[in-house]
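Before any comments, here is the structure.
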Amino acid sequence: MTIGGSIALIIIGAILTYAVNYEFSGVDIRVVGIILMLGGLIGLIIGIARIASARRRTVVPPPAIREERYYEDPAYEEPPARRRRY
């Protein structure tokens with residue numbers, strides 16, 4: 001559950017607990033609101049704990065890879081070796 005979802009549950013639970021006066025037979029809306037607020041609070045705590053633990057992890061960068069390529073220029077040819085005359 002994300003932090004935004006947790007906050008939404010807390011808000012919906014608060015609205016059901018404190019602002020709604022409608023009654024269902026067999027369902028207490030205030031209890032449902034309190035359950036939603038508690039679920040949102042638990043989700044918020046878990047979300048914050050996950051973010052805090054993710055920031056503490058240190059990531060070891062991969063070793064640097066160095067690639068060297070050598071090309072021979074086909075236009076450049078070495079002059080032929082000179083023969084010595086005796």
Side-chain angles (χ1 to χ4, degrees):
M1 180 180 303
T2 62
I3 293 176
S6 300
I7 292 173
L9 281 179
I10 293 171
I11 291 170
I12 293 169
I15 290 171
L16 288 177
T17 302
Y18 301 115
V20 176
N21 291 328
Y22 193 76
E23 293 184 17
F24 289 112
S25 62
V27 177
D28 190 2
I29 291 185
R30 292 178 191 231
V31 173
V32 172
I34 290 172
I35 291 171
L36 287 176
M37 285 193 296
L38 289 176
L41 185 64
I42 291 170
L44 184 65
I45 291 170
I46 291 172
I48 290 173
R50 286 181 59 198
I51 288 174
S53 68
R55 288 186 182 176
R56 277 189 257 142
R57 293 184 201 150
T58 57
V59 176
V60 178
I65 298 174
R66 183 176 175 191
E67 183 176 334
E68 294 182 6
R69 295 183 183 189
Y70 298 99
Y71 298 98
E72 293 182 16
D73 189 6
Y76 174 75
E77 294 181 19
E78 291 187 26
R82 289 186 160 187
R83 292 186 179 178
R84 289 187 176 174
R85 294 186 186 180
Y86 294 102

Practice problem: Evaluate the criterion side-chain contact (heavy atoms from CB on, under 4.5 Å) for residue pair Ile35 and Arg30; output intermediate values, then yes/no. | Solution: CA-CA 9 Å; Ile35 291 171; Arg30 292 178 191 231; over 6 Å; no

Exercise. Enumerate the residue pairs fulfilling ring pair (Phe, Tyr, Trp, His ring centres under 6.0 Å) with a member in residues 20-45, sequence neighbours excluded, ordered by first and then second residue.
Key: Tyr22-Phe24

Quiz item: Would you say Val27 and Leu16 are hydrophobically clustered, going by side-chain heavy atoms of ILVMFWY under 4.5 Å?
Solution: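 Looking at the clustering, Leu16 is in the same group as Val27.
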
Practice problem: Kindly work out whether a path of hydrophobic side-chain contacts (I/L/V/M/F/W/Y, heavy atoms less than 4.5 Å apart) joins Ile45 to Leu38. | Solution: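 Ile45 does not cluster with Leu38.
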
Quiz item: Rounded to the nearest 0.5 Å, what separation is found between the CG atom of Leu44 and the CG atom of Leu9?
Solution: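 Answer rounded to 0.5 Å: 10.5 Å.
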
Quiz prompt | Separation of Ile15 CD1 from Ile29 CD1 (nearest 0.5 Å) | solution = 12.5 Å

Quiz item: Knowing that exactly one of Ile11, Ile10, Val31, Ile12 qualifies, which makes a side chain to side chain contact (heavy atoms under 4.5 Å, CB included) with Leu36?
Solution: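 The option that passes is Ile12.
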
Exercise. Please examine the side chains of Val32 and Met37, heavy atoms only from C-beta on, and report whether any two atoms are closer than 4.5 Å.
Key: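 Contact flag for Met37/Val32 side chains = no.
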
Self-check item: Within 6.0 Å of CG in Asp28, more than 12 heavy atoms from elsewhere
Solution: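 Yes.
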
Quiz item: Looking at Ser6 and Gly40, what are the two nearest heavy atoms and their distance?
Solution: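 Shortest heavy-atom contact: CB-O, 3.2 Å.
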
